[in-house]
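As structure tokens, the structure follows; a few thoughts come after it.
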Amino acid sequence: MTTPWIRPATLDEALAVREEHADWRVLAGGTDLMVDAGRRPAPAGVIDLFGLPGLVGVEPMRDGSLRIGAATTYSMLLASDDVRRHLPLLAAVAREVGAWQIQARGTLGGNVGTCSPVGDTLPALLALDAEVELVSRKGVRLVAFDDFCTGYRTTDLRPGELIAALRFGRRALFASEGARHAWRKVGTRRAQSVSKVMLAAVAVLDDERRITCARLGLGAVRERPVRARAAEDLLVGERADAALAQRASEALTHDIAPIDDVRSTAAYRRDVAARLVRRFVLSLA
Amino acid sequence: MSVPTHSPADVAVGRSPPRVDGAAKVSGRALYVDDLPCEDAWHGATVRSSVPHGRLRGVHLDRAFDWSDVTVVTAADIRGCNVVSLIEGDQPALVPVGGTIRHVAEPVALVAASTRARAFAAAAAVRLEVDELPAALDLDAALRADALVHGDDNVMKTLRIAKGDEVERALAGCDLVIEGVYETGAQEQMYIEPQGMLAHWDEHGACHVTGSMQCPYYVHSAMKVLFGLDDAHAIVTQAVTGGGFGGKEEYPSMLALHAALLARAAGRPVKIVYDREEDVAATTKRHPSRVRHRLGLMRDGTFVAADVDLVLDGGAYVTLTPVVLSRAVLHAAGPYRLPHVRVVGRALATNTPPHGAFRGFGAPQAIFATERQVDRAARALGVDPWELRRKNALRAGDTTSTGQVLEHSVGSLAVLDALRRVAPSPRPDHEGSSSPAWPPPRDELPDVRLGSPVRRGRGIAFCMHGAGFTGSGEQRLAGRASVATRPDGGFEVRSSSTDIGQGAFTTFAQIAADALGVDGARVSVLEPTTDRVPDSGPTVASRTCMVVGKVVEDAATALRAHLLAWGRAHGLSGADLGEIARAHVRDVGEAERTVTYAPPPGIAWDDESYTGSAYPVYGWAACLVDVAVDDDTHEVTIERCVHAVDVGHAIHPVMVQGQIEGGTLQALGWALLEAVKYGGGRVLNPRMTDCIIPTSADAPKMETLLVESPYPFGPHGAKGVGEIPMDGPAAAAANALADALGIEPACVPMLPETIAAARAAREGAT
């Protein structure tokens with residue numbers, strides 16, 4: 001028994017199939033779906049979007065935003081001048097995902113669609129205020145990624161919708177002179193590892209080194225990727241120093257809820273997340 | 001005309017010719033068991049217990065499932081003796097109804113069908129009726145006898161070493177006694193090829209099994225016992241094997257019996273190939289251990305006494321555990337002069353899948369404790385840990401803990417001195433500005449990595465490792481190997497030693513070529529098949545090159561002498577040896593010489609008192625590890641790793657270096673990354689995603705220093721090298737962490753989580 005597999009030639013065709021087969025799984029690169037092959041029951045069918053024209057590529061928009069197609073691979077992100085220049089955080093993340101083979105197949109949209117708490121790009125999407133562009137035969141819907149992600153591996157993807165792209169509207173601010181970016185993936189080993197803690201952070205400093213904007217995206221510290229909003233709020237309007245760094249790290253407890261599992265412990269995750277936030281704030285001083 | 005002698009340019013030993021198996025493997029032409037063409041073979045699957053301890057009441061087939069195209073085998077189908085024969089006959093091939101289930105991965109029934117998917121579907125449709133019993137899932141539970149898994153106290157085996165005076169009295173006379181308790185966890189071999197076996201019965205009632213294995217004659221012996229076959233009717237062949245590390249020493253017997261049972265019932269060939277998850281969940285791993293160690297010494301640093309109490313978790317069946325325990329006990333005193341020694345080793349039975357052979361075979365667990373102790377002693381005395389080791393190192397003429405006088409090939413000081421020469425300074429700078437960047441920065445990418453400060457430290461470890469079988473094991477084994485002529489004028493080595501990636505076939509070809517005086521390209525090595533090769537003993541215990549290699553050399557020398565004499569008598573004086581061989585085959589048939597291993601003189605071992613020559617010879621190693629520990633994440637980066645190893649003589653220097661580098665990385669993985677996690681007696685992380693081993697990115701640049709103190713009874717002076725690189729690095733890494741952080745690591749693995757807790761405890765204490 002083989003699984004029905006459709007590889008649409010156009011986005012319109014893809015949307016038609018999506019509407020017709022609500023229970024089929026969408027494959028954007030296969031690096032999640034194929035791991036399940038033979039382990040979990042096969043899906044009713046597969047809509048293979050890998051390489052679909054219109055879903056691939058990095059595009060600077062007229063409004064100044066950057067649009068990255070959902071089926072854009074990590075390798076493509078790494079190779080893109082626009083990503084390297086405007087979203088250095090995302091380039092750094094892409095470089096640490098899996099191995100080269102995974103980077104060549106795995107896609108940004110796939111990572112968003114699976115929405116695992118350990119999805120490597122997701123903290124960066126939070127830190128960069130990314131929006132998810134959803135498309136269906138009814139039209140286009142834009143949702144902040146923070147809202148799109150609703151829980152453990154669950155999203156606000158509605159029947160008939162596909163993830164078309166990620167949009168980065170605030171790239172001008174985040175790539176400005178006073179912007180600081182930081183990324184750290186703490187995995188079980190140096191490469192090809194599942195994350196134990198991730199921090200993707202952006203801060204914008206004014207001429208007097210006062211923090212005007214702060215984004216702290218964390219992964220693997222609760223059931224979904226999460227922004228440390230309490231810590232962010234505490235930073236805005238302040239100048240970084242050791243005391244602020246300490247307060248920010250302590251404020252994490254409002255937003256994270258790590259667990260013990262086969263990869264690490266709640267205590268370690270809590271401790272390391274706090275230390276990384278403190279380290280980031282200290283770097284702004 | 002004189003017999004042609006070979007010039008140095010023709011000598012194979014000591015050079016590094018291309019591996020005989022290399023081209024086929026890198027080009028994908030090598031046929032592993034799952035690649036073997038056998039179109040009519042069915043696929044087998046194993047129905048396993050789901051409880052760690054229980055009484056099997058029944059095996060039921062789901063009535064809703066269509067069983068018409070499936071073969072099912074249970075213990076009731078075994079006509080002969082239902083055991084996987086090894087040291088003790090306690091492990092059944094399949095648990096019978098009414099019998100006891102002792103671990104969660106225990107095989108209960110087998111199914112075969114025309115496709116893999118069908119076989120797995122059938123296996124899922126078999127229901128086991130079990131009365132669950134309380135289980136003893138770890139060492140503490142086994143010691144408390146929460147459940148009885150073995151005998152009336154769960155103790156599988158106890159071994160004792162006593163040397164010198166009563167140890168309490170000796171310790172009482174010491175200026176200083178260092179005491180510690182050390183624990184190590186299970187380790188998965190994670191060979192690249194999971195286990196697999198193909199079996200079929202021929203029209204003469206002989207069973208042929210081919211598969212991934214280290215020891216064809218172990219499988220042969222297990223087949224004979226269960227099926228009541230004679231030597232000729234059990235034919236076992238090693239397929240190309242993708243690594244073993246000990247994990248394919250004993251377990252392949254289980255697969256062979258299962259595949260053969262299914263093949264007999266189905267009346268057709270049956271293949272069983274485990275996927276990674278089943279392999280990790282069911283097959284053997286390194287024994288978890290706990291060692292309580294007391295080291296007594298004088299103020300001037302002289303070691304006086306060691307008292308070691310060691311326990312191993314053997315798992316649910318005896319398998320090879322007594323032998324692993326033996327090696328642990330024999331290595332527990334370390335490579336040191338110690339007038340007074342007491343070692344008590346016990347192996348406990350638990351309701352976990354049996355633990356078994358893994359490179360090092362008990363020695364790494366014991367050596368971790370010893371080398372941590374020596375490091376703590378150096379710190380307590382305020383002396384350089386290298387100096388303290390050198391002061392107490394065993395030298396030629398000294399006696400070991402079993403009273404063995406070391407006569408030959410004692411490279412102890414040589415490896416320590418080699419280490420010192422390349423790393424003279426006591427340690428690197430302690431504090432660092434930022435953790436070493438990973439991945440390394442790339443010019444075209446903006447660097448946004450959040451760096452953290454690091455603390456650096458250096459640790460060393462020193463050890464000896466007995467090469468070959470323990471005690472009188474090699475005499476008992478009496479390994480044999482043959483060298484024979486080929487019709488084309490080439491030569492063939494015949495032995496049951498397997499090439500599992502370590503390069504045995506290449507080494508044998510080199511040794512035989514030199515003994516024959518022919519070019520290495522003219523020597524081939526026969527695929528080990530029990531009806532065509534003699535029993536050379538198992539491919540274990542760092543013995544293949546040293547013991548079997550010597551037998552190959554002797555057989556080749558004998559064959560050369562025979563051919564030269566025959567040539568002289570038949571008008572071929574002065575002819576090329578290949579020409580003589582061709583004439584011999586043509587005129588009177590194949591010439592073959594088989595030699596049986598003869599132990600070196602002076603080897604005497606007493607199993608009762610555990611005294612005498614524990615091993616024919618020892619390898620020696622000194623290892624240095626520099627670490628940088630991230631202040632925020634406690635991740636450990638190995639910045640430098642130097643390993644000086646006395647190998648006797650390197651037959652193939654590139655492969656020897658490869659063995660040392662691979663073993664060192666495997667040891668560092670065990671030390672810092674690899675954790676097999678159990679819950680309810682089951683492996684919780686049976687996949688490569690979470691049961692991790694180091695990647696190349698985690699591997700430090702290795703500096704390997706080959707030290708050669710020739711062993712007079714090995715081929716060209718060679719002695720075992722396979723296991724010794726596994727022994728020292730974990731302790732060296734732990735000692736480096738102690739140096740860097742002021743903590744005293746007492747367990748393996750030392751994960752960042754463990755280090756974080758130790759640092760927090762230390763900060764809390766000060």
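In the text below, chain A, chain B and the rest are named by the order of the sequence lines, each starting its count at 1.
Separating the CG atom in Asp447(B) from the CH2 atom in Trp183(A) is a distance of 14.0 Å, to the nearest 0.5 Å. Remark: Leu673(B) CG to Arg190(A) CZ distance equals 10.5 Å, nearest 0.5 Å. Rounded to the nearest 0.5 Å, atoms CZ (Arg449(B)) and CG (Leu89(A)) are 13.5 Å apart.
Contact of the Asp271(A) side chain with the His634(B) side chain is registered, since non-hydrogen atoms from C-beta on lie closer than 4.5 Å. Using a 4.5 Å heavy-atom cutoff, the side chains of Thr689(B) and Val194(A) are in contact. Using a 4.5 Å cut-off on side-chain heavy atoms (C-beta onward), Val197(A) and Thr633(B) make no contact. The shortest side-chain heavy-atom distance between Ser264(A) and Glu753(B) falls under the 4.5 Å cut-off. By the 4.5 Å heavy-atom criterion applied to side chains, Leu276(A) and Leu450(B) are counted as neighbours.
With a threshold of 4.5 angstrom between heavy atoms, Asp690(B) approaches chain A through side-chain atoms but not through N, CA, C or O. At a 4.5 Å heavy-atom cutoff, the contact between Ile692(B) and chain A is made by backbone and side-chain atoms alike. Residue Leu282(A) does not touch chain B at all, counting heavy-atom pairs closer than 4.5 Å. When heavy atoms are compared at a cutoff of 4.5 Å, Val35(A) approaches chain B solely by way of its side chain, counted from C-beta outward.
Taking chain B as the reference chain and counting heavy-atom pairs below 4.5 Å, the highest number among Arg84(A), Arg278(A), Gln192(A), Arg189(A) is found for Arg189(A). Between chain A and the residues Asp275(B), Asp631(B), Leu751(B), Val636(B), the largest count of heavy-atom pairs under 4.5 Å involves Asp631(B).
The shortest heavy-atom contact between Ala191(A) and Thr695(B) is O-CG2, 3.7 Å.
With no hydrogens or angles considered, a side-chain donor-acceptor pair links Ser452(B) and Arg184(A) at under 3.5 Å.
The neighbour count for Met688(B) CE, taken as heavy atoms of other residues, nucleotides or ligands under 6.0 Å away, is above 12.
The pair Asp632(B)-Arg279(A) counts as a salt bridge, with a side-chain nitrogen and a carboxylate oxygen less than 4.0 angstrom apart.
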